[in-house]
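Some notes on the structure that comes next.
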Amino acid sequence: MNKIKITFPDGSVHEYDKGITPLQIAESISHRLADDALIAKVNGVLKDLNFKINEDSKLQIFTFKDDEGKHAYWHSTSHLMAHAIQSLFPEAKFGVGPAIEGGFYYDFEINKQLTDDDLKKIEDTMMQLAKENHSFDRKELSKSDAINYFKQVGDNFKLEILDGLNDEEETISIYSEGEFTDLCTGPHIPSAGKIKYVKLLNVSGSYWRGDEHNKRLQRIYGVSFPKKKMLEEHLHLLEEAKKRDHRKLGKQLDLFSIVEEAGPGLIFWHPKGSRVRTAVEDFWKDAHFKNGYDLIYTPHIGKSWLWETSGHLSHFKENMFAPMTIDEQDYYVKPMNCPFHIMIYKSDLRSYRDLPLRWAELGTVYRYEKSGVLHGLLRVRGFTQDDAHIFCTHEQIEEEIIEVIRFSLYIWKSFGFEKLKFYISTKPEKAVGNDDLWEKATDSLINALTTEGLEYEVDEGGGAFYGPKIDIKVKDALNREWQMSTIQFDFNLPERFDMKYIGEDGKEHRPFMVHRALLGSIERFMGVMIEHFGGAFPMWLAPVQAAVIPISQSFSDYGQKIYDTLREKGIRVELDKRNEKIGYKIRHWETQKIPYMLIVGEREKENNTVSVRQHKVGDKGSVKIEEFITNILDEINNKIIN
RNA sequence: GCUGACGUAGCUCAGUCGGUAGAGCACAUCCUUGGUAAGGAUGAGGUCACCGGUUCAAUCCCGGUCGUCAGCUCCA
């Protein structure tokens, strides 16, 4: 009667006394585990380590190695930070302080605008408090008791949160760590002493409950780790991300600029950046044609009729640039390409024999984005979507979606992105189209992913009102996730534009319409790609594939000959005739992250060779010109990525 | 859009507690003609983001505008 059975993750079952805690169980397994343990999952629910287990249970114990453990660790650190803030600024009122991906934050209100120096002070105080090693103690209480407590402390934010809770449906709990008590569902790590290394990263503004009409709070972001090495690695990664910032590299490598006088969020592609973009677009067009798409071009502006019919003027107007009046007609710059593609669809009577139609366009659109959200290439006001629309029959949907998925995998792989994550969004509350339609479309999305053996997550009710979708997030070299591709059904536009095709039965039918953008926008893709490669593009994308560097000006002629030969082969080559020493020129091209330098002097001229120096690798010795050309054409054509 | 910080030469940044500015790199000219990450000299380059205000005097103080950055919200 006093014994309970505990099932471990490996399936083994052990007997313990009733009322035993996960920590005690961890101790019975090993000191090491007991030491590293942070929280536990009992029958699928996360619990503190001192939770008393009174019935047969499944048990999992988490350490910092697990996401659950990290999450609790960081969440507890946010409490520790709040504790430190409270001791430094007793008047502080606290909002919320969750763990997030890569750390934690806490929102709070104090009278003083915090500076970086304050962060250091808070950090120091946190470390002192951590040394005191107070435990995180859970207490469950009634709503009225909780209200009384936070009234007494005078924390209105907590009272507001409590106001939204119902203690008949959920347990209300508070956690105390030393002097600091916070409303919190938990769980927490056993004690603050587990928190060894903390770094507060930045302070910025936020609004209570994310609403700008509410009170402005200050938010401090931070991370923490149990080992010094982990903190160092993390900071190194942040440092690396800073170095790879596409805005910085864009300037350093002379790829693009944004011109204040010309307007925010508008991109100027310099010759070097344009070379990269051209390489991307040429590949994109070629790949689309080979995969059954036709390429089309449509205008940049259109009469208001289009946008009234499409519904953009009633749903999307605040994101559109203001209209211009020409011949007493309002014209809008396009924020999307779809209505134009539909115009082409409607230019002819379509038969089921014509379907599917797959039309792709690098369509440049303009959207009014709030000034505060603009960010380098990643969030702009004018951008080029790698857009395509697929018009097909009911029967064709599944096959079409499978093809799009396969195609997107191929595209991403070509650019060196191997890690993709898939998300399906299903029917929201407010939606157009009947359930049948939604079900069929959603099934086709799920089936396509399953057929391709791809894992996915489902966002129930997360779809747009006009149809379900698959979003693809891409992981870059630093393991950061970027939302890029989207594949969306649209039940709305075919209806609004009264699109049809004549079926086998001789009757009119409504075609299915799928929007899809794979790279998303060329600008954003370029930004992500610049960061992914850290500016060191693979051969097939590099703005300069090779730089010819004569040892001295007396070999300029030979250098020119090499340059001409390569350029004739379509290789993006530069000739560095500057009157500088060889070391100087090498340094220049090395910092420009150019894949190959071809150094030519007396020896090379005599033997008709080039001395090859590879970026980051160094001197590779000399080879015959023809051999070098063969090698790099091979590297370019096979899109080799190192 | 909101909050905060910031805006000095092409770039990266000093500086002036109010008396109209400086470095390094890059650029130009000359010397040097060199073998795998910076040779030397000289020179040019700035309405100190823009518009107002305070002041004998504003790049500096104040207000506004524009832009950038960190966030919030939103999103390709």
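Chain identifiers are assigned alphabetically (A, B, ...) following the order of the sequence lines, protein sequences preceding nucleic acid strands; residue numbering begins at 1 within each chain.
Ring pair A/Phe321/A/Tyr368 is perpendicular by interplanar angle, where above 60° counts as perpendicular and below 30° as parallel.
Here A/Lys473 does not pair with A/Asp471 in a salt bridge; the nearest charged N to carboxylate O distance is not below 4.0 Å. Salt bridge A/Glu403/A/Arg406: present, at least one basic N to carboxylate O contact under 4.0 Å. Ion pairing between a basic and an acidic side chain is recognised when a charged N comes within 4.0 Å of a carboxylate O; A/Asp182 and A/Lys158 show such pairing. Between A/Glu481 and A/Lys419 no salt bridge is recorded (no basic side-chain N to carboxylate O distance below 4.0 Å). Looking at A/Asp107 and A/Arg219, a side-chain N of the basic residue comes within less than 4.0 Å of a carboxylate O on the acidic one, giving a salt bridge.
Straight-line distance between the P atoms of B/rA41 and B/rA5: roughly 44 Å, to the nearest whole Å. Taking atom P in both B/rA49 and B/rC6, the straight-line distance is 13 Å, to the nearest Å. A gap of 11 Å separates the C1' atoms of B/rG45 and B/rA26, to the nearest Å. Across B/rG35 and B/rG22, the matching P atoms stand 39 Å from one another, rounded to whole Å. When the C1' atom is compared between B/rC48 and B/rG19, the two are found 15 Å apart, to the nearest whole Å. Comparing B/rU65 with B/rA57, their C1' atoms are spaced 25 Å from each other, to the whole Å. Taking the P atom of each, B/rU42 and B/rA38 are spaced 22 Å apart, rounded to whole Å. Spacing between B/rG46 and B/rA9 at atom C1', rounded to whole Å, works out to 5 Å.
Across all strands, A/Tyr105 comes closer than 4.0 Å to no nucleic acid atom at all (heavy-atom distances). A/Val380 comes within 4.0 angstrom of a base, heavy atoms only. Within the 4.0 angstrom heavy-atom criterion, only backbone atoms of the sugar-phosphate kind lie near A/Arg578; the bases stay farther away. As judged by a 4.0 angstrom heavy-atom cut-off over every strand, A/Arg219 is placed among residues touching the sugar-phosphate backbone only. Nucleic acid contact for A/Tyr221: sugar-phosphate only, since backbone atoms but no base atoms lie under 4.0 Å from a heavy atom of the residue. Among the atoms of the strands shown, none is found under 4.0 Å from any heavy atom of A/Gln385.
Judged as a side chain to side chain donor-acceptor pair (under 3.5 Å), the pairs with a partner in residues 517-527 of chain A (not counting sequence neighbours) are, in order, A/Arg277-A/Glu523.
Between A/Lys251 and B/rU12 there is a side-chain N or O to OP1 or OP2 distance below 4.0 Å. Distances shown here put a side-chain N or O of A/Arg247 below 4.0 Å from the OP1 or OP2 atom of B/rA70.
A donor-acceptor contact under 3.5 angstrom links the side chains of A/Ser224 and A/Thr77, judged on distance only. Under 3.5 Å, the side chains of A/Glu635 and A/Tyr596 contain a donor-acceptor pair of N or O atoms. Using modelled atom types and a 3.5 Å distance limit, the side chains of A/Trp589 and A/Glu574 yield no donor-acceptor pair. There is a side-chain donor-acceptor pair under 3.5 Å between A/Arg496 and A/Asn492. Using a 3.5 Å distance cut-off with no hydrogens or angles, the side chains of A/Thr298 and A/Lys334 do pair a donor with an acceptor.
Listed by chain and residue number, A/Glu123, A/Leu201, A/Val223, A/Leu231, A/Leu235 satisfy the side-chain contact (heavy atoms from CB on, under 4.5 Å) test with A/Lys199 (two or more places apart in sequence, or in another chain). For A/His312, the side chain to side chain donor-acceptor pair (under 3.5 Å) partners are A/Ser310, not counting sequence neighbours. The side-chain contact (heavy atoms from CB on, under 4.5 Å) test applied to A/His615 returns A/Ala536, A/Glu590, A/Lys593, not counting sequence neighbours. Residues satisfying the side chain to side chain donor-acceptor pair (under 3.5 Å) test with A/Trp269, not counting sequence neighbours, are none. Every residue meeting the side-chain contact (heavy atoms from CB on, under 4.5 Å) condition with A/His375, not counting sequence neighbours, appears here in chain and number order: A/His246, A/Arg247, A/Leu378, A/Arg379.
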Requested in this report: With ring-ring contact (aromatic ring centres under 6.0 Å, His included) as the test, would you mind laying out the steps for A/Trp359 and A/Tyr297 before giving the verdict?
Outcome: CA-CA 10 Å; A/Trp359 292 341; A/Tyr297 295 93; over 10 Å; no
Under-3.5 Å N/O pairs linking protein and nucleotides 3-6 of chain B:
unit_1 : atom_1 : unit_2   : atom_2 : d
B/rU3  : O4'    : A/Tyr207 : OH     : 3.0
B/rU3  : O2'    : A/Arg216 : NE     : 2.4
B/rU3  : O2'    : A/Arg216 : NH1    : 2.7
B/rU3  : O2'    : A/Arg216 : NH2    : 3.4

Got a list of protein N/O to nucleotides 43-47 of chain B N/O distances below 3.5 Å?
none

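Environment of CD in A/Glu101: sparse, with no more than 12 heavy atoms of neighbouring residues, nucleotides or ligands closer than 6.0 Å.
RNA chain B is contacted by A/Glu580, A/Lys581, A/Ile582, A/Gly583, A/Tyr584, A/Ile586, A/Arg587 of residues 580-588 of chain A, taking any non-hydrogen atom closer than 4.0 Å. Heavy-atom distances under 4.0 Å link RNA chain B to A/Glu369, A/Lys370, A/Ser371, A/Gly372, A/Val373, A/Leu374, A/His375 of residues 369-378 of chain A, given in residue order. Residues from residues 600-619 of chain A lying near RNA chain B, meaning a heavy-atom separation below 4.0 Å, are A/Gly601, A/Glu602, A/Arg603, A/Glu604, A/Ser611, A/Arg613, A/Asp619 in numerical order.
Which of B/rG1, B/rC75, B/rG35 sits closest to the side chain of A/Arg524 comes down to B/rC75.
Here the options are A/Tyr106, A/Phe157, A/Tyr105, the test is ring pair (Phe, Tyr, Trp, His ring centres under 6.0 Å), and the partner is A/Phe94; only A/Tyr106 passes.
Atom P of nucleotide B/rC13 and atom CD of A/Gln252 are separated by 11 Å, given to the nearest angstrom.
Residue whose closest nucleotide on RNA chain B sits further toward the 5' end, between A/Ile258 and A/Ser485: A/Ile258.
Judged by distance alone, with hydrogens and angles left aside, A/Arg367 brings no side-chain donor or acceptor close enough to the base of B/rC75 to form a pair under 3.5 Å.
For RNA chain B, each stem of at least three Watson-Crick or G-U pairs (distances under 3.5 Å) is given as range with range: B:1-7 with B:66-72, B:10-13 with B:22-25, B:27-31 with B:39-43, B:49-53 with B:61-65.
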